Student: 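Before anything else, here's the structure in question.
For clarity, every value in this text was computed on a predicted model and none was experimentally measured. Every chain is numbered from 1 and lettered A, B, ... according to where its sequence line falls, protein lines coming before strand lines.
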Amino acid sequence: MTEFQSRMETAARIAEAVYGLTVEWQPIPGEVEVVQATLAGREELPIYLTHSGEQIICICYLWHDKEVLAERRVALLEALLDLNIPMPLSSFARVEGWFVVYGALSRQSRAEELAQELATLSENAVDALDAFAEYLK
Amino acid sequence: MSIFNKIVTAVRGSVRELGEAVVDANGTRIYEQEITDARQALTQARQDLTMVMAKEMQAGREIERLAAEQARFENHAVAAMDKGEDALALEVADRIVALETELAAQQQARTEFAASIARLKELIKQAEAKVREHERELVMARTTESVHRATQSISHSMGSGGSKLLSARESLERIKQRQQDLADRMTAAAELDNEIGGQALERKLEAAGIGENAGRRAAVLARIAARRAAPADEPGDA
C-alpha cells in the first residue's frame, strides 16, 4: 500500500466515525496514482483522488458536455460561475468535456482533512446535480 | 509563453492538443531543468556574494589601519620638524605619500566591492523570482498532467468495467430514490413501533385510563370548562 493509500484508508475510517459515511475505495490502475472513493448511497457519484506536486485533488465527475441542453448552455455556465463561491470548499471546473466539482488540498493534508473533503465534496456534488438537472437532457 | 497561456490556448484548440501541449513529459522535464539551473546559479551567486562581502570588510579594515598609520606618521613629521630634523621629516613625508597611495587604492577597491555586492544581490533576487516562477509553472504542468491522466484512467476503467455510464439525470434519480427509500423505511419503522412496539402498549394503557398520561386530557377540558363558566371573575376584562 502506498503512503497515499494508507492515508486514504484512515480517511475512510474517520469518515465512518465522524460523518457516518461508509466509504469504500480502490486504486485505479494507470501511470498516475488515482484512487476511486465510493460513498454508500451515492454510488453513482464516486470521488476520484489524485495528487501532483504539492496538492491532492479530489474530483467528482458530474455530467458530460453532451448532456447539456444546447439552448440553456449559457445560462448553465453563468449559474455555475455564480454558485462557485457560495459552494462551501468545492469549486466547479471542466476536465476534458466533463463538468466536475473538485476540492484541492495540500499534499500534507491529514486523513481528517481528507475525510472532511470527501464528505463535503460528495454533498456538494449531489446538491449541484439537483440544482443543475434542469439544464441537462 | 507562460504555461497559463499555453493551457488557455490549448483548451481553445482541443482536448488532444491540451494533452500534447501540457502533458508532454518533456515539458515538465524542461521546467525541472530550468529550476535546477536557476538554483545552481543562485548557489554560485550566493557564494560569490559572501566572498565579495568578506573582501569589502577586509578593505574596510585595511582603510582604517592605513588612516591610523597616516595620522601617526603625520604626528611624527610634526615632531621631526619641531626638532629641526628636516631630513627625517622628508623621509616621513615619503612614507605618508606611500600610505596615501595605498589608502586611495583600498578605497577604490572598496567602492568596486560595494558595486559588485549590489549587482550580485540583484542577480540573486532575479534568480529567486525565476525559481519561484518555474516552480509555479511546474505545479501547473504537473496538475494538468495528473488530472488528464486521472481522467484517462477513469474513462478507461469505466469502459473496461463494462458498466454503462449513467447520465447525470439518471444518477440523480437513483440517489434521490435511495434517499426516499431510506426515509420511507424510517417512517415505516416508526409506524411499526407505534402499532406493535413499546409505544403501542403505552397507548393501550392510556386508553384504559392507566398510567401517568391517563385522564390528563379530561382534566384539562374540565379546567377550561370551569374557566368558561365563570367569565365575570376575570379582572380587567373590557
Student: Answer yes or no: does atom CG of B:Leu221 have more than 12 heavy-atom neighbours from other residues, nucleotides or ligands under 6.0 Å?
Tutor: yes
Student: Counting neighbours of CZ on B:Arg174 that are heavy atoms of other residues, nucleotides or ligands and sit closer than 6.0 Å, is the number greater than 12?
Tutor: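 At most 12 heavy atoms, drawn from other residues, nucleotides or ligands, come within 6.0 Å of this atom.
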Student: Taking the side chain as everything from C-beta on, heavy atoms only, tell me whether A:Val32 gets closer than 4.5 Å to B:Glu145.
Tutor: no
Student: Roughly how far, to the nearest 0.5 Å, is CG of A:Asp130 from CD1 of B:Ile175?
Tutor: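 Between atom CD1 of B:Ile175 and atom CG of A:Asp130 there are 9.5 Å.
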Student: Quick check on A:Met1: does its CE atom have over 12 non-hydrogen neighbours (other residues, nucleotides or ligands) under 6.0 Å away?
Tutor: yes
Student: Counting only non-hydrogen atoms closer than 4.5 Å, does A:Glu43 touch chain B with its backbone (N, CA, C, O), its side chain (CB onward), both, or neither?
Tutor: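 For A:Glu43, backbone and side chain are both near chain B.
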Student: Using heavy-atom distances under 4.5 Å, tell me whether A:Leu49 contacts chain B through its side chain, its backbone, both, or neither.
Tutor: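 It is neither, since no heavy atom gets under 4.5 Å.
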Student: Could you check B:Arg178, B:Glu173, B:Glu170 and say which one makes a side-chain contact (heavy atoms from CB on, under 4.5 Å) with A:Glu44?
Tutor: B:Arg178
Student: Quick one: does B:Val139's side chain get under 4.5 Å of A:Gln55's, heavy atoms only?
Tutor: yes
Student: Less than 4.5 Å to any heavy atom of chain B: does that hold for the side chain of A:His51, its backbone, both, or neither?
Tutor: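 Backbone only.
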Student: Using side-chain contact (heavy atoms from CB on, under 4.5 Å) as the criterion, point out the one residue from B:Thr143, B:Thr144, B:Val147 that pairs with A:Ser52.
Tutor: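 Among B:Thr143, B:Thr144, B:Val147, the one that satisfies the side-chain contact (heavy atoms from CB on, under 4.5 Å) with A:Ser52 is B:Thr143.
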Student: Quick check for you: to the nearest 0.5 Å, what is the distance between A:Phe132 atom CZ and B:Leu172 atom CG?
Tutor: 12.5 Å
Student: Walk me through it: do A:Leu129 and B:Ser171 pass the test side chain to side chain contact (heavy atoms under 4.5 Å, CB included)?
Tutor: CA-CA 9 Å; A:Leu129 214 53; B:Ser171 297; 4.3 Å; yes
Student: Rounded to the nearest 0.5 Å, how far does CD of A:Glu96 lie from NE2 of B:His148?
Tutor: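 Separation between the atoms: 5.0 Å.
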Student: Take a 6.0 Å sphere around CD of A:Glu54 and say whether it holds more than 12 heavy atoms from other residues, nucleotides or ligands.
Tutor: no
Student: Using non-hydrogen atoms only, which part of A:Leu136 is less than 4.5 Å away from chain B: side chain, backbone, both, or neither?
Tutor: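 A:Leu136 touches chain B through backbone and side-chain heavy atoms alike.
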Student: Name the region of A:Lys137, side chain, backbone, both or neither, that has any atom closer than 4.5 Å to a heavy atom of chain B.
Tutor: backbone
Student: Tell me if the CD atom of B:Glu128 is crowded by more than 12 foreign heavy atoms within 6.0 Å.
Tutor: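 Counting neighbours around CD of B:Glu128, more than 12 heavy atoms of other residues, nucleotides or ligands fall under 6.0 Å, so yes.
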Student: Measuring from A:Arg42:CZ to B:Gln179:CD, what's the distance to the nearest 0.5 Å?
Tutor: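 Here the rounded value is 6.5 Å.
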Student: Of all heavy-atom pairs between A:Trp63 and B:Ala168, which one has the smallest distance, and what is that distance?
Tutor: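 For A:Trp63 versus B:Ala168, the nearest heavy atoms are CB-CB, 3.5 Å.
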